[in-house]
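When a residue number appears, it is its place in the shown sequence, counting from 1. Every value quoted in this text rests on a predicted model; they were computed, and no experiment measured them.
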Amino acid sequence: SNSYIDESGDGVLFVKSSNGIYLNGKTTDEPLARFIENGAVTLYHDNSVKLSTTSTGIDVAGTVTADGATFNGDVSLGDGHAILLGDEPNLSISHNATNSVIADVGGGNITMSTNGNQILFYDSLNSRSMFRTATNGRLELFYQGDIKLETKSEGIEVTGSVVSQVGINAQTGTTYTTVLADQSKLVTLTNAS
């Protein structure tokens, strides 16, 4: 049923060409793979280029599915399968049964930058803003698509009410001496007189 090229000796099978090696399908003559000397290796799927090597790395057309790399078996970072980047590796991008996880597991920071004016976070439908950085370093926080807090050169601006979660120490006397437990609390004094 099949034809074989089978190297059964102790050496390596070499296939050489001065211009390139093309692998095509028999029925449609569609390209399967191209190997060009001093050039790209190109892989096809159904007559469409899906992966090509370049002088700086690879170009991928379409979706990259990663399900084989295991990062220390730490399921808190994902389902055990991840895209791993860096020499250690230092960065893991994965998904567990519930969440998508970007984890910096090295000693540095996760840094985001843009040549444009903004970094944007949207909801899953890309219909409502959640967080946005704007020109000149302004930050904006949203609730259901409406700006609720933004930083400005003079401080912050809040749209709506501010609800404080600070602890309150309510006193009913006419005098009170603060104690260490009052740190970060609001002390109120209420007295009929």
Side-chain angles (χ1 to χ4, degrees), residues 31 33-36 38-168 183-186:
R34 299 284 187 262
F35 304 88
I36 307 301
N38 297 320
V41 172
T42 306
L43 302 180
Y44 295 77
H45 178 83
D46 196 18
N47 206 27
S48 296
V49 174
K50 295 301 177 183
L51 188 144
S52 299
T53 62
T54 68
S55 61
T56 57
I58 63 170
D59 285 339
V60 176
T63 302
V64 175
T65 302
D67 58 6
T70 300
F71 183 74
N72 294 338
D74 187 346
V75 294
S76 66
L77 299 178
D79 59 6
H81 303 293
I83 297 173
L84 306 176
L85 303 171
D87 294 333
E88 297 300 327
N90 297 321
L91 179 66
S92 168
I93 302 173
S94 59
H95 184 80
N96 57 34
T98 308
N99 302 308
S100 297
V101 182
I102 299 174
D104 175 15
V105 292
N109 302 315
I110 293 179
T111 302
M112 298 176 66
S113 62
T114 176
N115 287 335
N117 293 326
Q118 299 177 331
I119 296 176
L120 308 170
F121 288 84
Y122 288 98
D123 64 6
S124 60
L125 300 176
N126 282 336
S127 61
R128 289 182 175 173
S129 297
M130 298 168 61
F131 170 83
R132 178 171 64 200
T133 65
T135 309
N136 300 324
R138 189 172 78 243
L139 302 179
E140 299 170 343
L141 297 178
F142 295 78
Y143 180 77
Q144 294 187 348
D146 297 323
I147 293 178
K148 295 300 179 181
L149 186 144
E150 59 184 305
T151 60
K152 297 192 168 187
S153 60
E154 63 273 13
I156 64 170
E157 180 175 317
V158 176
T159 302
S161 59
V162 176
V163 179
S164 173
Q165 300 297 324
V166 68
I168 297 177
Q183 180 178 347
S184 301
K185 289 184 177 178
L186 174 65

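The salt bridge (charged side-chain N to carboxylate O under 4.0 Å, His left out) test applied to R132 returns E140, not counting sequence neighbours.
In plain terms, the two heavy atoms of T42 and V49 that are nearest each other are CG2-CG1, 3.6 Å. Counting all heavy atoms, side chain and backbone alike, P31 lies closest to N47 at CD-OD1, 2.8 Å. Across every non-hydrogen atom of F131 and F142, the tightest pair is N-CD1, 4.0 Å.
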For residues 51-60, which side-chain N or O atoms pair as donor and acceptor with protein atoms under 3.5 Å away, sequence neighbours left out?
from: T53; atom 1: OG1; to: V41; atom 2: N; distance (Å): 2.8
from: T54; atom 1: OG1; to: T56; atom 2: N; distance (Å): 3.2
from: T54; atom 1: OG1; to: T56; atom 2: OG1; distance (Å): 3.3
from: T54; atom 1: OG1; to: G57; atom 2: N; distance (Å): 3.0
from: T54; atom 1: OG1; to: G57; atom 2: O; distance (Å): 3.3

Working for side chain to side chain contact (heavy atoms under 4.5 Å, CB included), residues I110 and I102
CA-CA 9 Å; I110 293 179; I102 299 174; 4.2 Å; yes
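The environment of L139 atom CG is dense: over 12 non-hydrogen atoms of other residues, nucleotides or ligands sit within 6.0 angstrom. Atom OH of Y143 is surrounded by 12 or fewer heavy atoms from other residues, nucleotides or ligands within 6.0 Å.
Using a 4.5 Å cut-off on side-chain heavy atoms (C-beta onward), F121 and S129 make no contact.
Side-chain N or O atoms of N109 include none that pairs as donor or acceptor with a backbone N or O of T111 at under 3.5 Å.
With rounding to the nearest 0.5 Å, the separation of OG1 in T151 from CD1 in I156 is 9.0 Å.
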